[in-house]
*Asks:* 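Mind having a look at this structure? Questions to follow.
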Amino acid sequence: MSTPTIAVCNQKGGVGKTTTCYHLARAAARDGRRVLAIDLDPQGSLTAILARNGSVAADELTIADVLSPRVQDVALADVLTPGLWEGIQVAPATNRTLAAVRDELITTPLGRERRLADAVSGVQGYDLVLIDCAPDLNTLMHNALVAASSAVVVTAPAFLASEGLSALLGTIEEIRGYYNPHLKVGGVVVNGYDSRRVGHRDRLAELETSGLPVLEPVIPQRAAIQDATDSGYGLDQWPGGYALGDLYQQLFHAITKEI
């Protein structure tokens with residue numbers, strides 16, 4: 001049986017995809033799960049906050065070497081680096097290489113959408129794979145969705161953040177039709193919710209009536225979430241953050257219960 005693989009995605013930037021990946025990885029670690037976190041965003045933000053060393057040396061192998069059609073015989077296991085917590089490994093990314101590979105894949109005639117799926121199929125010993133997707137419907141996103149068993153959409157309760165969902169869902173349907181018939185939409189994570197704001201309440205209501213599964217709990221707007229992330233701590237380790245950590249624990253269980 002293949003390892004459950006979750007693509008955390010939205011083509012809109014600034015909605016909290018990377019922060020969500022980070023805290024889901026921490027929730028999995030608290031549950032004793034072995035997690036492979038793949039940074040598929042050229043910005044390399046997940047690498048910066050979740051990898052134990054926090055950066056990638058110029059001569060270090062990255063996920064770009066795994067995906068590049070110009071590089072031979074680099075397996076996913078060859079590029080992994082330890083995460084902040086026991087049981088987490090990170091496939092790191094840097095902008096200088098992954099952005100170039102993204103462009104290379106555009107002109108690769110055969111198999112370009114399956115390169116990550118093939119790489120993930122060769123790793124063992126993990127209970128979960130998390131893929132932090134770039135905010136773009138490009139070849140990297142396509143690779144993530146072909147490799148995934150579930151696509152979890154992260155959004156914010158704002159007009160521009162939620163309006164782009166239809167394009168993403170259209171891409172998911174195309175990937176399902178051509179490459180990955182088993183791909184599921186695992187649900188929508190709503191980040192930065194403030195129940196005092198009318199606009200936030202309206203957007204959440206729209207999502208809940210859209211037919212998309214809105215995952216519970218909704219993540220509130222709290223400075224501690226980003227503060228803990230920036231400082232390299234789990235919310236359960238952060239002063240006053242334990243209850244927020246439990247929200248991500250519940251969210252992790254909601255995401256993984258069907259896969």
Side-chain angles (χ1 to χ4, degrees), residues 6-56 62-63 80-95 98 128-136 144 152-158 161 186-194 200 215-256:
I6 299 171
V8 180
C9 55
N10 192 331
Q11 80 273 22
K12 177 72 172 64
V15 295
K17 293 186 300 297
T18 301
T19 300
T20 298
C21 273
Y22 177 91
H23 289 293
L24 289 176
R26 175 60 185 170
R30 289 178 66 190
D31 269 8
R33 309 286 186 97
R34 297 161 298 176
V35 180
L36 170 57
I38 299 175
D39 190 351
L40 214 62
D41 186 344
Q43 296 178 82
S45 298
L46 188 66
T47 302
I49 61 175
L50 187 59
R52 190 174 300 170
N53 59 12
S55 62
V56 179
T62 70
I63 190 64
L80 300 183
T81 188
L84 288 176
W85 304 293
E86 186 71 26
I88 296 176
Q89 294 281 307
V90 178
T94 64
N95 182 62
L98 189 54
L128 180 69
V129 178
L130 287 171
I131 307 172
D132 185 26
C133 297
D136 200 344
V152 169
V153 180
V154 178
T155 190
V188 178
V189 175
V190 179
N191 265 332
Y193 180 70
D194 186 344
H200 283 205
L215 293 164
E216 297 285 348
V218 169
I219 302 300
Q221 191 174 61
R222 297 288 188 276
I225 294 174
Q226 195 60 52
D227 290 344
T229 305
D230 293 343
S231 300
Y233 288 94
L235 284 161
D236 58 297
Q237 303 170 314
W238 191 252
Y242 201 92
L244 291 169
D246 279 351
L247 293 183
Y248 280 98
Q249 210 74 26
Q250 295 170 45
L251 186 62
F252 170 73
H253 294 152
I255 289 170
T256 57

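Here the structure is a predicted model, which is why all the values come from computation and not from measurement. If you read the sequence from its start, that first residue is 1, and numbering goes on from there.
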*Asks:* Between the side chains of Asn191 and Thr20, is a donor N or O closer than 3.5 angstrom to an acceptor N or O?
*Replies:*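 Yes - a donor-acceptor pair under 3.5 Å links their side chains.
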
*Asks:* Below 4.5 Å, heavy atoms only, C-beta onward: do Asp31 and Gln249 meet side chain to side chain?
*Replies:*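 Sidechains of Gln249 and Asp31: in contact.
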
*Asks:* Within the supplied structure, the quantity of interest is the number of heavy atoms (other residues, nucleotides, ligands) at a distance under 6.0 Å from Tyr233 OH; does it exceed 12?
*Replies:*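 Count not over threshold, so no.
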
*Asks:* To the nearest 0.5 Å, what is the distance between CG on Leu80 and CG on Leu36?
*Replies:*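 Going from the CG atom of Leu80 to the CG atom of Leu36 covers 5.5 Å.
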
*Asks:* Which heavy atom of Asp194 sits nearest to which heavy atom of His200, and what is that distance?
*Replies:*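 Closest heavy-atom pair between Asp194 and His200: N-ND1, 3.0 Å.
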
*Asks:* Please find the pair of heavy atoms, one from Asp39 and one from Ser45, that lie closest to each other, and give the distance.
*Replies:*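 Answer, listing the atom of Asp39 first, then Ser45: OD2-N, 3.7 Å.
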
*Asks:* When you measure from the side chain of Asp132 to the backbone of Cys21, do you find a donor-acceptor pair of N or O atoms at a distance under 3.5 Å?
*Replies:*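 Looks like no, no N/O pair under 3.5 Å.
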
*Asks:* So how far is it from Arg33 CZ to Thr256 OG1, rounded to the nearest 0.5 Å?
*Replies:*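 OG1 of Thr256 is found 5.0 Å from CZ of Arg33.
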
*Asks:* Decide yes or no for Ile225 and Tyr248: does some side-chain heavy atom of the first lie under 4.5 Å from some side-chain heavy atom of the second?
*Replies:*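 Side chain of Ile225 against side chain of Tyr248, heavy atoms only: contact under 4.5 Å found.
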
*Asks:* Are Leu235 and His23 side-chain neighbours, meaning at least one heavy-atom pair lies under 4.5 Å?
*Replies:*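 The answer is yes; the side chains approach within 4.5 Å.
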
*Asks:* Could you tell me the separation between the CG atom of Asp136 and the CD atom of Gln11, rounded to the nearest 0.5 Å?
*Replies:*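 Rounded to the nearest 0.5 Å, the CG-CD separation comes to 8.5 Å.
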
*Asks:* Is the charged tip of Arg30 near the ring of Tyr242: under 6.0 Å from the six-membered ring centre and within 45° of its axis?
*Replies:*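 Checked: cation-pi criterion met.
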
